Every structure is written in C-alpha cells, then in structure tokens.
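Inspection log for the structure reproduced underneath, given as structure tokens.
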Amino acid sequence: MLRYVTTNRGKVREAREYLGSGVQQLDFDYTEIQAPELGPIAARGAREAYRYADAPVLVDDAGLFLSAFDGFPGPYSSYVEDKLGVDRVADLTLAEENRRASFRCVLAYCDGEGFDASPDPVDRADRAVAAAEDDAGEETDALPVKLFEGVVRGRIVDPRGDGGFGYDPVFEHDGTTFAEMTAAEKNAVSHRGRALAKFGEWYRERTQ
Ligand code: ITT
C-alpha cells in the first residue's frame, strides 16, 4: 500500500481525489535539507521515509514562488508561513508592482526498486539528483527515487475564500482563488493535481 508522506492533511485530501481513498497518510516529519530547488529536498525525504516505513512512499514537497522576490519563499514557504503568516506575505507582495506567483509541487516516489530509464524530463531530473549526490560524495548506493513535478501560475491578491489550506486564499488562478475552489476544481489546475496526474499514470503502469 502506498504511503503519502506529509504532516499536512490538506495535501492528503487532494491526493485522495486522484489516487483514491486507499492512500494512507504517513505523518512522518522527514529532514528537510536546505536547497534552492524542491527536487533534492523531496528526493532526500523519500529515501528517509522509505527506510522508516519499509514500504512504498510518496513525499510531497511544495512551495510558493513570488516573481517580485526572485522566487522567494520557494522551498522556505512553510517556514515563512509559520513566521510571517499568509496575510503578511500577501501584503508584502501587494506593495510590489509585480504580483505574479507560481506554486510548484514535487512528488518523490521510492519503493526500494530501480526504474526503467525513459526519455521524459522526470527521469532526467532524477538523474540530476543522483549526480548531485554523487558529486557531493554522499552514499553511492542511494535508493532510486522518481520525481514528478507540477506547476501552476497565478497572482497574489487580497485573501478570498475559505477552502483549501496554506496560501490558497491569496493565490488567484484565472480569476478565482484556490480557496474559492472545491478540492476537485483545485486539483484540475493545481501544481499538486498536475504532479499527481503524472504520477498516477506512471504508477498504474508500474503496478499493473
Ligand atoms: P509536509 O512538509 O509535512 O508535507 P508542509 O505543509 O510543511 O507539510 P511543505 O514543506 O511542502 O509542506 O510546505 C509548503 C508550504 O507551502 C506550506 O506553508 C504549505 O502550507 C504551502 N502549500 C503547499 N501546497 C499548497 C497548496 O496547494 N496551497 C496552498 N499552500 C500550499
């Protein structure tokens, strides 16, 4: 059975819309390394979670990237939400001319087995992670991890809506904030929904 590794129940709710109610939450706080990209953070987390659970795991690492601040808070979005709060992040952005933002989500899958090479970008990202770890002189027998990424573009607005979680009330996509959408509507366009769709397609083939 697949474990969705996160402490955030909002993420699990959205994942179940895609992967079915059989997906179990693994409430495991893996070590989040400091890195400018989400991929290496999620990959490292997936290896740690797999070793902990000894079962197939899917780690979900996400962040809000603000154009006016060169992508900040990005991988630090959780810390910034805790320290500043969503409303202050919105206020700081609304004081800027450029309110463009994107959400990114990286899903990292690990089940202890290898993967067939494929020409898609997901696999290339995977190899980049492995190469980076080799360069850093880390474990060369690193567990294989497969990455799936989703991105959605939008803009920061004053908070609207009471659905979703995190930065959803201040992130507007096509005239509607994520907090004004149902989970299904958000999934249809969101960073997580896009990453889950890619993962779901690949996982069904793998487990057939
Ligand atoms: P886990 O690490 O345990 O999964 P987390 O909430 O800390 O839980 P992240 O490290 O991925 O998750 O944090 C990303 C931050 O971005 C955090 O503040 C979330 O609330 C926020 N976030 C992630 N996905 C989001 C989404 O779909 N909508 C709104 N905010 C989101």
Side-chain angles (χ1 to χ4, degrees), residues 2-19 23-50 52-53 57-66 69 71-90 92-93 101-110 147-157 159-173 176-197 199:
L2 180 62
R3 266 92 168 154
Y4 205 84
V5 185
T6 180
T7 59
N8 185 326
R9 298 187 59 180
K11 289 183 178 180
V12 182
R13 223 177 19 245
E14 293 174 10
R16 287 200 171 122
E17 288 270 332
Y18 257 99
L19 304 173
V23 172
Q24 251 188 24
Q25 178 180 3
L26 177 62
D27 192 334
F28 174 64
D29 207 5
Y30 58 87
T31 316
E32 288 204 15
I33 56 167
Q34 288 205 352
E37 305 278 341
L38 299 173
I41 303 172
R44 176 64 87 83
R47 293 190 177 103
E48 191 180 327
Y50 172 75
Y52 171 82
V57 292
L58 192 61
V59 159
D60 172 329
D61 198 31
L64 178 71
F65 295 72
L66 300 168
F69 305 128
F72 185 81
Y76 307 103
S77 297
S78 184
Y79 181 75
V80 168
E81 185 186 338
D82 284 351
K83 293 292 171 196
L84 286 185
V86 170
D87 290 355
R88 280 178 73 197
V89 170
L92 289 169
T93 312
S102 59
F103 268 129
R104 289 180 176 272
C105 173
V106 171
L107 299 175
Y109 176 80
C110 180
L147 302 180
F148 303 85
E149 185 161 12
V151 183
V152 59
R153 295 182 204 292
R155 63 183 190 118
I156 299 301
V157 294
R160 295 197 320 261
D162 49 22
F165 65 92
Y167 297 96
D168 281 345
V170 300
F171 185 86
E172 187 188 72
H173 175 78
T176 310
T177 69
F178 274 1
E180 293 175 315
M181 299 182 185
T182 63
E185 284 166 347
K186 180 182 164 187
N187 264 346
V189 293
S190 78
H191 50 315
R192 180 162 300 101
R194 287 172 179 166
L196 281 166
F199 169 74

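This one's a predicted model, so the numbers in the text were calculated from it and none came from an experiment. In each ligand, atom 1 is the first atom listed, and ligand 1 is the first ligand listed. Heavy atoms only: backbone and side chains are in, while hydrogens, waters and symmetry mates are out.
Looking from atom 10 (O) of ligand 1 to the surrounding protein, the closest heavy atom is E32 OE2, 3.3 Å. In terms of protein heavy-atom proximity, atom 31 (C) of ligand 1 is nearest to F165 CE1, 3.5 Å. For atom 21 (C) of ligand 1, the nearest protein heavy atom (residue, atom name, distance) is Y167 CD1, 3.8 Å. The protein heavy atom nearest to atom 14 (C) of ligand 1 is A62 O, 3.0 Å. Closest to atom 28 (N) of ligand 1, if we only count protein heavy atoms, is D168 OD1, 2.6 Å. Closest to atom 24 (N) of ligand 1, if we only count protein heavy atoms, is R192 NH2, 3.0 Å. Looking at atom 8 (O) of ligand 1, its nearest protein heavy atom turns out to be T7 OG1, 3.5 Å.
Residues L64 and V80 form no side-chain contact, since every pair of their non-hydrogen atoms from C-beta on lies 4.5 Å or further apart. Annotation: side chain of F171 is in contact with side chain of V152 (closest heavy-atom distance under 4.5 Å). Contact check for L92 versus L84: side-chain heavy atoms found under the 4.5 Å cut-off. Taking 4.5 Å as the limit, every side-chain heavy atom of F199 sits out of range of all side-chain heavy atoms of Y18.
Residue D60 touches ligand 1 through its backbone alone, judged by heavy-atom distances below 4.0 Å.
At under 3.5 Å, a nitrogen or oxygen of E81, whether backbone or side chain, sits near a nitrogen or oxygen of ligand 1. Between F178 and ligand 1, a contact under 3.5 Å exists for no N or O pair. Residue-to-ligand polar distances place K11 within reach of ligand 1: an N/O pair is separated by less than 3.5 Å.
Of the possible donor and acceptor atoms, one in the side chain of Q25 sits under 3.5 Å from a partner among the backbone N and O of T6. Proximity of a side-chain donor or acceptor of D168 to a complementary backbone N or O of F165 within less than 3.5 Å is detected. A donor-acceptor distance shorter than 3.5 angstrom exists from the side chain of E48 to the backbone of T31, with no hydrogens or angles considered. A distance-only check finds a donor-acceptor pair linking the side chain of R16 to the backbone of V23 [under 3.5 Å].
The distance from ligand 1 to the heavy atoms of H191 drops below 4.0 Å at these ligand atoms: 24 (N), 25 (C), 26 (C), 27 (O). Close approach to K186 involves these atoms of ligand 1, each under 4.0 Å from a residue heavy atom: 26 (C), 27 (O), 28 (N). Within the listing of ligand 1, atoms 1 (P), 3 (O), 4 (O), 8 (O) sit less than 4.0 angstrom from a heavy atom of T6. Each of the following atoms of ligand 1 lies closer than 4.0 Å to a heavy atom of S77: 15 (C), 16 (O), 18 (O). For ligand 1, the atoms closer than 4.0 angstrom to any heavy atom of S78 are 7 (O), 10 (O), 13 (O), 15 (C), 17 (C), 18 (O). Those atoms of ligand 1 that come under 4.0 Å of a heavy atom in F103, given as number and element, are 28 (N), 29 (C), 30 (N), 31 (C). Contact atoms of ligand 1 toward D61: 9 (P), 10 (O), 11 (O) (distance under 4.0 Å to a heavy atom of the residue). For ligand 1, the atoms closer than 4.0 angstrom to any heavy atom of N8 are 6 (O), 8 (O).
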>> Could you go through Y167 and L66, starting from their C-alpha distance and side-chain angles, then the distance that decides it, and tell me whether this counts as side chain to side chain contact (heavy atoms under 4.5 Å, CB included)?
In response: CA-CA 12 Å; Y167 297 96; L66 300 168; over 6 Å; no
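The neighbour count for D162 CG, taken as heavy atoms of other residues, nucleotides or ligands under 6.0 Å away, does not exceed 12. More than 12 heavy atoms of other residues, nucleotides or ligands lie within 6.0 Å of CZ in R160, so this atom counts as buried by the packing criterion. Heavy-atom neighbours of E172 CD from other residues, nucleotides or ligands within 6.0 Å: above the threshold of 12.
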